[in-house]
Structure formats: C-alpha cells, structure tokens
Asker: 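Below are the structure tokens for one structure; questions will follow.
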Amino acid sequence: MLAAYAARFSPDDPAGALEVGDRPEPEEREHWSTVEVRAASVNHHDVWSLKGVGLAEAQLPMILGCDAAGIAPDGTEVVVHGVIGADGHGVGPREPRSILSERYPGTLAERVAVPTANLVPKPPELSFEEAACLPTAWLTAYRMLFHGADLRPGQSVLVQGAGGGVASAAIALGAAAGLEVFATSRSEAKRAAALGLGAVAAVEPGARLPKRVDAVVETVGRATWKHSISSVRNGGTIAIAGHTTGDPDPALLTRVFFHELRIQGVTMGTREDLAALMSFLVRTGLRPTIDSTFPLARARDAIARVASGDQFGKVVVTV
C-alpha cells in the first residue's frame with residue numbers, strides 16, 4: 001500500500017526525511033480493525049518525529065500520522081482515535097500510552113490498523129477532511145479549554161501562536177462556547193484570521209492585554225512563556241500541550257508559586273471527548289479551518305507546509 005513514512009532523521013530538513021512509497025499492509029491483530037483511510041491531517045508531532053524526537057533508529061521506517069477518518073470494515077464512516085494503550089483496549093493493561101506513529105504505524109497511508117474500540121462514528125454532517133482534523137489538534141484544544149483549564153462561558157483565555165492547528169482550534173472552540181478569547185501571532189494576517197474565528201483581540205506576542213485572563217492555552221513554549229505567566233490572573237491556569245520553540249528558560253517559578261498559578265499538561269483526550277467534540281461541531285455548525293489539502297503522493301509538501309509555520313489551521317492529506 002502507498003504510505004508516507006520517516007525513512008531517516010533530519011533535524012534541519014524534516015520534510016526531506018520523509019519518503020512516500022510502498023509499505024506492508026497493516027498487521028492483523030485480535031480486537032483490531034483496519035480502516036480504509038480517506039483523509040488524515042499533519043501535526044507538529046510528525047515534524048518532530050522526522051527530526052528524531054520520540055523515535056529511535058531501530059523503529060525506522062515508521063509510517064507517520066496520528067489521526068484519520070475513513071471507512072471501517074463494516075462499511076461505516078469512522079474517525080480514528082489515535083491514542084493506544086491508555087485503557088488497555090487491544091494491547092493489554094500494562095502497555096504504556098502511545099500515539100499512532102510512535103509504537104504502531106500511523107495514518108498517512110491507504111490503510112491503518114487500530115484497536116476496534118478506537119473507531120468513533122463520524123457524523124454525516126462532517127466531511128472526511130473536516131473529521132480528519134479533529135483527533136489530535138482539535139481534541140487537544142477541546143481538552144485544554146474545558147478539562148485542563150476548566151473554563152466556563154463568560155471566562156477569558158489567551159491563546160498563544162494563533163496559526164497552529166491546536167491554537168486556531170482553541171480560538172474557534174472558545175469563541176463558540178462563549179469565552180472571551182485573546183490571541184497572539186507575529187503575523188498580521190494570522191491576527192486578522194484569529195479575529196475572524198471569533199477572538200475579541202489579537203496582538204503581537206508579548207503585548208500587554210487589557211486584563212489578566214483566567215487561563216492561557218500554551219503550545220509555543222520558550223518564545224511565549226514569559227508572556228503567558230504575566231498574562232494570567234492570580235490562581236489562573238496555563239494549559240500546555242507543546243513547546244514548538246523549546247523549553248522555557250527561565251521557568252519563572254517564583255511567579256508560579258507566588259501567584260498560585262496552575263500548570264496543567266494535556267495530551268490529546270479520550271474517545272468520549274472526541275465524540276463530544278464532534279457533537280459540539282454538529283450542533284453549533286462550527287467547522288475546522290483547513291489551510292490546505294494535498295494528496296498522499298504529495299505528503300512531503302504537506303509536511304513542509306507545517307514545518308514552515310506559515311499555515312493557518314490544519315494541513316490535510318487525502319487518500
């Protein structure tokens with residue numbers, strides 16, 4: 001089958017480490033199902049994998065991709081929940097949690113095998129391309145806002161780095177849920193796009209906000225951490241799901257304990273969260289922002305688009 005896979009590691013040119021070619025069919029496993037992929041989306045996780053973060057040489061070649069939408073063996077349309085081992089389904093209770101493309105081949109392929117329990121029915125109102133945006137970036141944003149930060153309608157949130165998949169999802173979800181959303185971006189065009197998604201204000205990174213917010217959605221790391229710490233109210237929460245610019249230095253721990261801030265890590269979410277997220281989209285009419293779409297044969301271009309940081313929203317690969 002045709003698949004896009006990490007053939008080697010390249011910290012300086014991650015897209016150049018990706019190959020698209022023939023790979024073995026998914027392995028048959030008890031309590032697993034093979035999905036015919038119709039669409040998948042690219043995440044920063046794929047870029048990091050190509051840089052050699054989270055994968056070992058012995059695991060290569062590894063098919064990349066954490067999320068997908070497609071057709072189950074019984075002909076139903078499904079969305080793939082990409083977290084394996086969190087509850088033992090299909091792997092046993094002692095296997096540690098992983099994400100597709102870490103221990104098991106990922107979704108940037110014509111077919112992918114996952115535990116049958118990880119197949120979530122796709123609402124007919126969502127296209128395959130829209131649904132493929134959800135299991136990593138949108139699910140993470142949903143979890144950050146409503147579980148990690150425990151926000152409620154009327155509260156406020158700062159979303160750092162408006163162009164990324166998680167950040168743009170957090171802006172749209174937060175606005176649709178009645179949150180007062182502030183956003184940052186170095187790009188004037190992306191700030192304008194954030195306003196279009198429902199942010200009440202979009203500013204350059206580091207700019208002073210009109211007030212301190214109840215929570216911050218942080219996926220950037222070092223470049224925005226100081227701003228995040230200074231922008232959240234006493235007793236507020238910083239929900240963090242990534243650090244694309246590296247670990248903060250310094251961590252500003254004095255401010256963390258003196259102002260009683262809560263730092264909450266988030267990695268994707270549960271199948272129940274994914275189902276709830278899709279119901280939210282169906283009921284509100286909200287849909288993921290898709291930056292661009294590429295066929296599987298051009299997966300390297302899709303990776304390069306995400307690695308460049310120029311996208312706004314999700315980059316989708318169709319099969």
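Here the structure is a predicted model, which is why all the values come from computation and not from measurement.
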Asker: For H147 and Y142, take the angle between the two ring planes, folded into 0 to 90°, and tell me which bin it lands in: parallel under 30, tilted 30 to 60, perpendicular over 60.
Answerer: tilted
Asker: Which distance, rounded to the nearest 0.5 Å, do you find between the CG of L100 and the SG of C66?
Answerer: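 Spacing of CG (L100) from SG (C66) equals 7.0 Å.
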Asker: Would you say I84 ends up clustered with M268 if hydrophobic residues are merged whenever their side chains have heavy atoms under 4.5 Å apart, either directly or through other cluster members?
Answerer: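 No: no chain of side-chain contacts under 4.5 Å links M268 to I84.
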Asker: Verify the cluster assignment for V220 and V47: are they in a single hydrophobic cluster under the rule of side-chain heavy atoms below 4.5 Å apart?
Answerer: no
Asker: Specify the closest pair of heavy atoms between I303 and L18, including all atoms of both residues, with the distance to one decimal.
Answerer: CG1-CD2, 3.8 Å
Asker: Using salt bridge (charged side-chain N to carboxylate O under 4.0 Å, His left out), reason through R152 and D150 one step at a time and then give a plain yes or no.
Answerer: CA-CA 7 Å; R152 298 290 184 267; D150 196 27; 2.8 Å; yes
Asker: Would you say the side-chain atoms of W138 pair up with the backbone N or O of V166, donor to acceptor, closer than 3.5 Å?
Answerer: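 Side chain of W138 to backbone of V166, a donor-acceptor pair under 3.5 Å: no, none is there.
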Asker: Short question: side chain of D291, backbone of G313 - any donor-acceptor pair under 3.5 Å?
Answerer: no
Asker: Please say yes or no: joined through hydrophobic side-chain contacts below 4.5 Å, possibly via intermediate residues, are I71 and V112 part of one cluster?
Answerer: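 Not linked; separate clusters.
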Asker: Please check: side-chain N/O of N118 versus main-chain N/O of H81, any donor-acceptor pairing under 3.5 Å?
Answerer: yes
Asker: Indicate the atoms forming the closest heavy-atom contact of S228 with V216, along with that distance.
Answerer: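 Here S228 and V216 meet closest at OG-CG1, 3.4 Å.
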Asker: Go through it in stages, so that I can follow the logic: the residues are V120 and M278, the test is side-chain contact (heavy atoms from CB on, under 4.5 Å), and I'd like the CA-CA distance, side-chain angles, deciding distance and then a yes or no.
Answerer: CA-CA 10 Å; V120 181; M278 289 192 285; 3.3 Å; yes
Asker: Within the distance-only criterion (no hydrogens, no angle test), does the side chain of T224 pair as donor or acceptor with the backbone N or O of H227 below 3.5 angstrom?
Answerer: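 No; judged by distance alone, with no hydrogens or angles, the pair does not exist.
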Asker: Would you say V42 and V79 are hydrophobically clustered, going by side-chain heavy atoms of ILVMFWY under 4.5 Å?
Answerer: no
Asker: Contact between C133 and I290 at the side-chain level, heavy atoms closer than 4.5 Å - yes or no?
Answerer: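 Yes, side chains in contact.
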Asker: Spell out, as yes or no, whether a donor-acceptor pair under 3.5 Å connects the side chain of S168 to the backbone of F312.
Answerer: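 A pair under 3.5 Å: no.
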Asker: Can you tell if the side chain of L64 reaches within under 4.5 Å of the side chain of Y5, non-hydrogen atoms only?
Answerer: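 Not in contact.
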Asker: Could you pull out all residues at least two apart from Y104 that satisfy ring-ring contact (aromatic ring centres under 6.0 Å, His included)?
Answerer: W32
Asker: Give me each pair satisfying salt bridge (Lys or Arg N to Asp or Glu O under 4.0 Å) with a member in residues 275-286, each pair once, sequence neighbours excluded.
Answerer: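 Checked against salt bridge (Lys or Arg N to Asp or Glu O under 4.0 Å) - neighbours excluded - no pair reaches residues 275-286.
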Asker: Before giving the answer on salt bridge (charged side-chain N to carboxylate O under 4.0 Å, His left out), spell out for R23 and E110 the whole-Å C-alpha distance, their side-chain angles and the decisive distance to 0.1 Å.
Answerer: CA-CA 10 Å; R23 296 301 303 154; E110 293 178 312; over 6 Å; no
Asker: Just so I know, are the side chains of H45 and S101 near enough to count as touching, which here means a heavy-atom distance under 4.5 Å?
Answerer: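 In contact.
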Asker: Return the minimal non-hydrogen interatomic distance between G65 and L108, and the atom names on each side.
Answerer: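 Nearest heavy atoms, G65 then L108: CA-CG, 3.8 Å.
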Asker: So, taking the atom named OG in S231 and the one named CG in L209, what distance separates them when rounded to the nearest 0.5 Å?
Answerer: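 Nearest 0.5 Å value for the OG-CG distance: 4.5 Å.
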Asker: Considering all heavy atoms of both residues, which atom of A202 and which atom of L195 are nearest to each other, and what is their separation?
Answerer: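 Smallest heavy-atom distance, with atoms named: N-CD2, 3.8 Å.
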Asker: When you compare the side chain of L2 with that of D22, does any pair of heavy atoms fall below 4.5 Å?
Answerer: no
Asker: Run L139 and L134 through side-chain contact (heavy atoms from CB on, under 4.5 Å) and show every step you take.
Answerer: CA-CA 6 Å; L139 180 58; L134 304 180; 5.9 Å; no
Asker: As an exercise, state the distance from CD of E272 to CG of L277, rounded to the nearest 0.5 Å.
Answerer: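 Here the interatomic distance stands at 13.0 Å.
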Asker: What's the verdict on side-chain hydrogen bond (donor to acceptor under 3.5 Å, both in side chains) for T270 and D273, showing C-alpha distance, side-chain angles and the deciding distance?
Answerer: CA-CA 5 Å; T270 66; D273 290 331; 3.2 Å; yes
Asker: Under the side-chain contact (heavy atoms from CB on, under 4.5 Å) rule, what do R305 and D310 come out as? Steps first, then yes or no, please.
Answerer: CA-CA 7 Å; R305 177 70 178 167; D310 293 333; 3.6 Å; yes
Asker: Is it the case that the side chain of T245 and the backbone of A223 share a donor-acceptor pair, with hydrogens and angles ignored and the cut-off at 3.5 Å?
Answerer: yes
Asker: I'd like to know whether V181 forms a side-chain contact (heavy atoms from CB on, under 4.5 Å) with V200, so could you lay out the CA-CA distance, the side-chain angles of the two residues, the decisive distance to 0.1 Å, and finally the verdict.
Answerer: CA-CA 6 Å; V181 182; V200 299; 5.8 Å; no
Asker: Answer yes or no: does atom CD of E30 have more than 12 heavy-atom neighbours from other residues, nucleotides or ligands under 6.0 Å?
Answerer: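 No, because the 6.0 Å sphere around CD of E30 holds 12 heavy atoms or fewer from other groups.
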Asker: Side chains of E204 and S185 only: does a donor on one sit below 3.5 Å from an acceptor on the other?
Answerer: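 No, because no side-chain N or O of E204 sits under 3.5 Å from a partner of the opposite role on S185.
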Asker: Give me the atom names and distance for the closest heavy-atom approach of I263 to I240.
Answerer: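 Heavy atoms only, the tightest pair is CG2-CG2, 4.2 Å.
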Asker: Side chains of V316 and S292, heavy atoms from C-beta outward: is any pair under 4.5 Å?
Answerer: no
Asker: Can you tell me how far apart CG (L281) and CD (E125) are? Round to the nearest 0.5 Å.
Answerer: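 Output value for this atom pair is 10.5 Å.
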Asker: Are D249 and R222 close enough, and set up right, to give a salt bridge (charged side-chain N to carboxylate O under 4.0 Å, His left out), and what steps lead you there?
Answerer: CA-CA 7 Å; D249 183 19; R222 180 182 297 149; 5.9 Å; no
Asker: If we only count heavy atoms from C-beta on, is the D67 to N43 side-chain gap below 4.5 Å?
Answerer: yes
Asker: Apply the side chain to side chain contact (heavy atoms under 4.5 Å, CB included) test between R262 and each candidate in V256, I238, V232, T237; give the one that qualifies.
Answerer: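 Going through the options one by one, the only one that passes is T237.
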Asker: Would you please test E188 and K190 for salt bridge (charged side-chain N to carboxylate O under 4.0 Å, His left out) and show each step?
Answerer: CA-CA 5 Å; E188 183 177 353; K190 290 182 180 181; over 6 Å; no
Asker: Do Q160 and T219 have side-chain N/O donor and acceptor atoms under 3.5 Å apart?
Answerer: no
Asker: Is a side-chain donor or acceptor of T76 paired with a backbone partner of A72 at a separation under 3.5 angstrom?
Answerer: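 Looks like no, no N/O pair under 3.5 Å.
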Asker: Which value, rounded to the nearest 0.5 Å, describes the distance between E77 atom CD and E36 atom CD?
Answerer: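 One finds 13.0 Å between CD of E77 and CD of E36.
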Asker: Strictly distance-based, threshold 3.5 Å: is any side-chain N or O of E218 a donor or acceptor partner for the main-chain N or O of G221?
Answerer: yes
Asker: Find out whether R186 and P205 are in side-chain contact, i.e. whether some heavy atom of one side chain is under 4.5 Å from a heavy atom of the other.
Answerer: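 Contact flag for R186/P205 side chains = yes.
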Asker: Is the terminal nitrogen or CZ of K122 (NZ for Lys, CZ for Arg) located under 6.0 angstrom from the six-membered ring centre of F128 and within 45° of that ring's axis?
Answerer: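 Flagged: K122 positioned over aromatic ring of F128.
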Asker: Count the heavy atoms of every other residue, nucleotide or ligand shown that sit under 6.0 Å from CZ of R8, and state whether that count exceeds 12.
Answerer: yes
Asker: Return yes if some donor-acceptor pair links the side-chain N/O of R287 with the main-chain N/O of E130 below 3.5 Å, else return no.
Answerer: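 Not confirmed, R287 side chain does not pair with E130 backbone.
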Asker: So which heavy atom on A137 is nearest to which on A169, and how close?
Answerer: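 Here A137 and A169 meet closest at O-CB, 4.4 Å.
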Asker: For the atom pair CG (D46) and OG1 (T107), what is the distance rounded to the nearest 0.5 Å?
Answerer: 7.0 Å
Asker: Tell me if a side-chain donor or acceptor on R300 pairs with a main-chain N or O of A15 at a distance below 3.5 Å.
Answerer: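 Present.
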Asker: Below 4.5 Å, heavy atoms only, C-beta onward: do T267 and I99 meet side chain to side chain?
Answerer: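 Yes. Closest side-chain heavy atoms under 4.5 Å.
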Asker: Give the cluster check for L296 versus L50: same hydrophobic cluster or not, with ILVMFWY residues linked at side-chain heavy-atom distances below 4.5 Å.
Answerer: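 In one cluster: yes.
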